[in-house]
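What follows is a short report on a single structure.
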2 protein chains.
Amino acid sequence: MVGPEKRRRREKAQRKKAILKAARRLFTEHGFRPVTVESIAKKAELSKGAVYLYFKSKEEIYGQILQSDIESFHREMLQTFQPGRQASKILFDFADAYIDIFLNEREQFRTLMNFMLNAENLKLSRDVRKEIIRETNSTISLLEKILQLGVDSGEFMNIKPHKIYSLRNILWGLLNGIISLHLFVGDELTREERIRSGVREGVEAVIAGLKKNDCLEKS
Amino acid sequence: MVGPEKRRRREKAQRKKAILKAARRLFTEHGFRPVTVESIAKKAELSKGAVYLYFKSKEEIYGQILQSDIESFHREMLQTFQPGRQASKILFDFADAYIDIFLNEREQFRTLMNFMLNAENLKLSRDVRKEIIRETNSTISLLEKILQLGVDSGEFMNIKPHKIYSLRNILWGLLNGIISLHLFVGDELTREERIRSGVREGVEAVIAGLKKNDCLEKS
DNA sequence: TGGATTAAGGTCAGATTCTGACCCGCAGTC
DNA sequence: GACTGCGGGTCAGAATCTGACCTTAATCCA
């Protein structure tokens, strides 16, 4: 790679980055619909036409922001998986991390929630949607790993593979379901506490049926 | 000034700056002739053609470097002029500053000396040459101000305007003449000391004839 | 209801900027 | 004095950017 070519590649990447940065800020502040491509272009110091040299559509811009946010979200969730600990503890860590990221109100999580809540309105391209689903599945499958760990270490009773798969869906649904529920119910001030305790109780309830000890006690 | 336009102006300025920066480094290292326009372009991450969008010729690049160096040189020389002090002291300060800048071996002074020693080979454009001469005259006229200060304060005897003009030329010529002389004579190791003492003695000799006291003593 | 108006996503012809193959004169060589 | 290669400078075409314009859909108002 020679001189001018290298510079042009670098600048091309810079332009794209500038567009994404401008778009993320605007989307975070105003949501998807109200933000015009023109406003993104101006903020990125480009013309509208130039934006379409880097992205096929407004939704592709949104899709790429979504993707990178979900990737970094996934990266953070991965860090909760520390095989040395008890599986039940890891599960609670997982849930706590999920809530923490959400409550931090970081832009990418807001974008993510916005996606989850409005996915069907978004008409994303097949590829972007597929990629987002892949990433999300990757995070969800962390739950499988945690459950398997509990089984292997003897903490949980022996669970058949298809049951593990179903349990991970239950936990994931629980998490999002409880958060979503509490987003629209009650007042803002108690939301954080309601979400935390709600999720904790839900996870406890699921785990209760898995623990060997509990199982033995019950029998 | 709107978004894209502002960015384009900024980037245009950046390109020009990059060319000048690359050129200065190459000229300093190799001199004027051996540096090819192609090599300047490559170092500035542009093509040769692009260089000619910003400069009419290789010599214009050199001319602009020269100009900015001379400007900053002039700025530094201006700082030696502190009207509170004795005129003779200021004169010595002026000479010392001149030598200091030279001996610091800073790139712009090397460029300047190179210009002074090769001016007639350079075929600079009329405008650039005029501007350089204007700047240089501006620095030289500092000497006039210093001399006038000495006359006004009574330190020097009364000198007629045309004599002041002629004295400033003598001092300036002395400065450059002595430095040039010592650049090509003797060994590198003693050069600094030779230049310093040579210039000092020269300035002392000129001032000797101006001082009122000396004059009175002589008479 | 339905025509008018506005607004915003997307398009494209033309402007701007960049590139590198090419031209040409000149210095060095034989 | 013909030959060669080098390097300053040129220019046609490629790459990139711009903003007026097109299209569509939502909203307004008679």
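Within every chain, numbering begins at 1; the chains are lettered A, B, ... in the order of the sequence lines, protein sequences first and strands thereafter.
A distance of 6.5 Å separates CZ in B/F94 from OG1 in B/T139, rounded to the nearest 0.5 Å. In this structure, CG in A/L210 is found 6.5 Å from CG in A/L147, a value given to the nearest 0.5 Å.
Note: CD1 (A/I19) to P (C/dG10) measures 13 Å, nearest angstrom. The nearest whole Å value for the distance from the NZ atom in B/K6 to the C1' atom in D/dG19 is 20 Å. If you measure from atom CZ of B/R8 to atom C1' of D/dC17, you get 5 Å, rounded to the nearest angstrom. The separation between B/I40 atom CD1 and C/dT19 atom P is 15 Å, rounded to whole Å. Here D/dG19 presents its C1' atom at 13 Å from CG of A/L53, a figure rounded to the nearest Å. For the pair B/E11 CD and D/dC17 C1', the interatomic distance rounds to 11 Å; values are reported in whole Å. Whole-Å rounding puts the A/R10 CZ to D/dT16 P distance at 14 Å. Between A/K42 atom NZ and D/dG19 atom P there is a gap of 6 Å when expressed in whole angstrom units.
Between B/R7 and the phosphate of D/dT16, there is no side-chain N or O to OP1/OP2 separation shorter than 4.0 Å. Of the side-chain N and O atoms in A/R15, none sit less than 4.0 angstrom from OP1 or OP2 of D/dT16.
Counting heavy atoms of neighbouring residues, nucleotides and ligands inside a 6.0 Å radius, atom OH of B/Y165 does not exceed 12 of them.
In this structure, of D/dT16, D/dT18, C/dT19, it is D/dT16 that holds the atom nearest to the side chain of A/Y54.
Salt bridge annotation for A/R15-B/E11: present, with a cationic side-chain nitrogen under 4.0 angstrom from a carboxylate oxygen. We find that A/D100 and A/R196 are joined by a salt bridge, their nearest charged nitrogen and carboxylate oxygen being less than 4.0 Å apart.
Aromatic rings from A/F55 and A/Y62 are positioned such that their centres are separated by 6.0 Å or more.
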Do any N or O atoms of the protein come closer than 3.5 Å to N or O atoms of nucleotides 8-12 of chain D, and which pairs are they?
residue : atom : partner : partner atom : Å
D/dG8   : OP1  : B/V35   : O            : 3.3
D/dG8   : OP1  : B/K58   : NZ           : 2.9
D/dG8   : OP2  : B/V37   : N            : 2.8
D/dG8   : N7   : B/K48   : NZ           : 3.4
D/dG9   : OP2  : B/Y52   : OH           : 2.9
D/dG9   : OP2  : B/K58   : N            : 2.9
D/dG9   : N7   : B/K48   : NZ           : 3.1
D/dG9   : O6   : B/K48   : NZ           : 2.2

Check against salt bridge (charged side-chain N to carboxylate O under 4.0 Å, His left out), B/E45 and A/R8: CA-CA 9 Å; B/E45 296 187 309; A/R8 294 185 90 160; over 6 Å; no
